[in-house]
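Read the structure below first, then the notes.
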2 protein chains.
Amino acid sequence: MRTQGPAIAMPSLQVSTGNATASLATSRVAPAAPAQRLAPLADRARHVSFARGAAIFRDGDAADRIYEVRNGVVRLSKTLADGRRQVLDFVEPDRIIGLHDGKVHGATAEAVTPAVLVSYPRSSVETAMAGDAATACRLMTELRAAAMRSEVRLVLVGRKTADERVATFLLMRAHRDAADGEEVSLPMGRADIADYLAVTIETVSRALSKFKAGGLIAMPGPQSIVLRDIERLRDVAGL
Amino acid sequence: MRTQGPAIAMPSLQVSTGNATASLATSRVAPAAPAQRLAPLADRARHVSFARGAAIFRDGDAADRIYEVRNGVVRLSKTLADGRRQVLDFVEPDRIIGLHDGKVHGATAEAVTPAVLVSYPRSSVETAMAGDAATACRLMTELRAAAMRSEVRLVLVGRKTADERVATFLLMRAHRDAADGEEVSLPMGRADIADYLAVTIETVSRALSKFKAGGLIAMPGPQSIVLRDIERLRDVAGL
DNA sequence: CGCGCAGTTGAACCTGTTCAAGCACCGTGG
DNA sequence: CCACGGTGCTTGAACAGGTTCAACTGCGCG
């Protein structure tokens, strides 16, 4: 079941300009945002697919379109001149990217897994803001959620230790009401996790090994983690 | 001169429920956001003053009102259970706080200097979103700007060295087109700066001393910094 | 005058980085 | 089928940037 948007009912009209109708395992994370489609903008929508690693847009590109993730995982990041990179977010289906930006994108968006997105011309945002209250509300909610996530991550990156960060990351990837034994998938590589948490690959690896040694988690494979002791994991995460 | 809001003209009606009509030195920073008042909401506005250090709202409080800063500097922060604190933002006049939050505030807002704010009931936001396109646009812009700032700060805190952070901070507090000799005021204490940059007080102090020794800045007083060599400061900041 | 707070400076320590090597998995090609 | 090379992950050991703890300074204010 999907949480409906706040207070305002959406027409049940579905976008029909494509066939990629999300049905994947990774959609488990962060379903806080409403799952409505941007139906009223359907006529100007365009479906696009990206291979693993492909760029959807880059920092500095003209921001003439916004994108709704339908399938796969997208990575938002910023890179400094000397190559230091900060991953801002991993975006999963039903979320929108490119909304913050004005004329120019302020971050790079790349597909972490093969991904399908729907893009809308940026102008349609303004149109919606003026005339379509429901969509305006949806966009507003999206922005608010993004802002809140950024703030949480600022605390994570600014004030938590490496172990706390990794533990927090695992819990973020788990269900809200995760129970012991739950399996968490990590579709992104260690480098992505490291740049998300603002530590090095080695530190991530060491933390995971430590958790494994302590019996907090099990690792069937590098991309898959089983939460063995969520209680203690929460403890380590400082939550 | 103040930058007008995006595309849509505002009625020139001014809020008259108070007498604190912003005229201060600290308004130099970040005038990127539009400076329109939330005029259409005037009838439900309420002016409030806060002493230095006073809390406007706290993390976890019911978020029944939003606030527009009129005068002074407000600090937004989150604190972990064990006391570690992350300052999320310093908010100066013409910006709005409390907008991200849903039913409950996700951060604490406190006055860094004596401050005057105008508060509006949260419900008026929904009202505006539905009926008042101009105000909706204003709020949207505010949220977008906040999201972008968060992302920039995430890179700052996640991927920059202590010296880079402090240098960046000084430049952020300066005019966009600052020239050598420009004076920057630091109304907040070292502890606030430290928690904003996610370092310790000592590190901030050392960086400033280093910059002073190198002739990049001068310090007439602890709260006031003169930028002596902006070029090199930019260099240190990595910009 | 003396207390108290904010900021600065110094020195030891520690967490996470850096550099370097080793390992496991996997698709390719012989 | 297995050798091969590549990539991504893990592990180890030395290093370093920033923290921590502690002392000192300077200034405002009772």
Side-chain angles (χ1 to χ4, degrees), chain A residues 51-53 75 80 82-87 112-113 156-170 184-214 217-225 236 238, chain B residues 52-53 75 80 82-87 112-113 156-170 184-214 217-225 236-238:
Chain A
R52 190 170 210 275
R75 172 183 66 225
L80 298 178
D82 60 359
R84 282 176 288 179
R85 186 183 69 156
Q86 176 66 45
V87 170
V112 168
T113 66
L156 182 72
V157 161
R159 285 311 185 198
K160 293 205 173 182
T161 66
D163 285 354
E164 287 174 328
R165 294 184 209 185
V166 175
T168 304
F169 180 71
L170 292 179
V184 169
S185 77
L186 304 178
M188 67 295 291
R190 294 291 186 270
D192 284 339
I193 299 175
D195 285 349
Y196 180 79
L197 300 176
V199 292
T200 57
I201 301 178
E202 292 92 329
T203 300
V204 172
S205 196
R206 276 186 248 275
L208 289 175
S209 299
K210 193 159 129 187
F211 296 164
K212 190 168 112 185
I217 62 170
M219 293 209 290
Q223 314 276 51
S224 165
I225 300 235
V236 172
Chain B
R52 191 171 209 275
R75 171 183 68 223
L80 299 178
D82 61 0
R84 281 175 290 179
R85 187 183 68 155
Q86 177 67 46
V87 171
V112 168
T113 66
L156 182 72
V157 161
R159 285 310 185 199
K160 292 204 174 182
T161 66
D163 285 355
E164 287 173 328
R165 293 183 209 187
V166 175
T168 304
F169 181 71
L170 292 179
V184 169
S185 78
L186 304 178
M188 66 296 289
R190 295 290 186 272
D192 285 340
I193 300 176
D195 285 350
Y196 181 80
L197 299 176
V199 292
T200 59
I201 301 177
E202 293 92 327
T203 301
V204 172
S205 196
R206 276 185 248 272
L208 290 175
S209 299
K210 192 159 130 189
F211 296 164
K212 191 168 112 186
I217 62 171
M219 290 210 289
Q223 313 276 54
S224 165
I225 300 237
V236 173

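All figures in this text were calculated on a predicted structure; none of them were measured in a lab. Here is how names work: the chains are called A, B, and so on, in the same order as the sequence lines, proteins then strands, and each is numbered from 1.
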Counting C-beta onward and ignoring hydrogens, is there a side-chain heavy-atom pair between B:R159 and A:D82 closer than 4.5 Å?
no
Would you indicate whether the side-chain heavy atoms of B:F169 and B:L186 approach each other to under 4.5 Å?
yes
If only side-chain N and O atoms of [X] are considered, is one of them under 4.0 Å from the OP1 or OP2 phosphate oxygen of [N]?
X	N	result
B:T200	D:dT19	yes
B:S205	C:dG7	no
A:T161	C:dT15	no
B:R190	C:dT8	yes

Given the structure, check if the side chain of A:Q223 and the base of D:dC9 hold any donor-acceptor pair shorter than 3.5 Å.
no
Between the side-chain atoms of A:R165 and the base atoms of C:dG16, is any donor-acceptor pair under 3.5 Å?
no
Please report the distance, rounded to the nearest Å, between [atom1] in [X] and [atom2] in [N].
X	N	atom1	atom2	answer
B:K210	C:dG10	NZ	C1'	16 Å
B:M188	C:dA6	CE	P	15 Å
B:R206	D:dG17	CZ	P	14 Å
A:I193	D:dT10	CD1	C1'	14 Å
A:D192	D:dC9	CG	C1'	14 Å
A:K160	C:dG16	NZ	P	13 Å
A:F211	D:dC9	CZ	C1'	17 Å
A:R84	C:dG16	CZ	P	19 Å

Pairwise 5' ranking along DNA chain C for A:A162 and A:E202, keeping only the more 5' one:
A:A162
Of A:L208 and A:R159, the one whose closest nucleotide on DNA chain D sits nearer the 5' end is A:L208
Using a 4.0 Å heavy-atom cut-off across all strands, classify A:M219 as base, sugar-phosphate, or nothing.
sugar-phosphate
B:S209 near the nucleic acid: base, sugar-phosphate alone, or nothing, with a heavy-atom cut-off under 4.0 Å?
sugar-phosphate
A:T168 side chain vs A:E164 backbone, donor-acceptor pair below 3.5 Å:
yes
How far apart are the closest heavy atoms of A:V157 and A:R165, and which atoms are they?
O-NH2, 3.1 Å
Non-neighbouring partners of A:A162 that pass side-chain contact (heavy atoms from CB on, under 4.5 Å), sequence neighbours left out
A:V199, A:T203
Side chain of B:I201: nearest nucleotide among C:dT9, C:dT8, D:dG18?
C:dT8
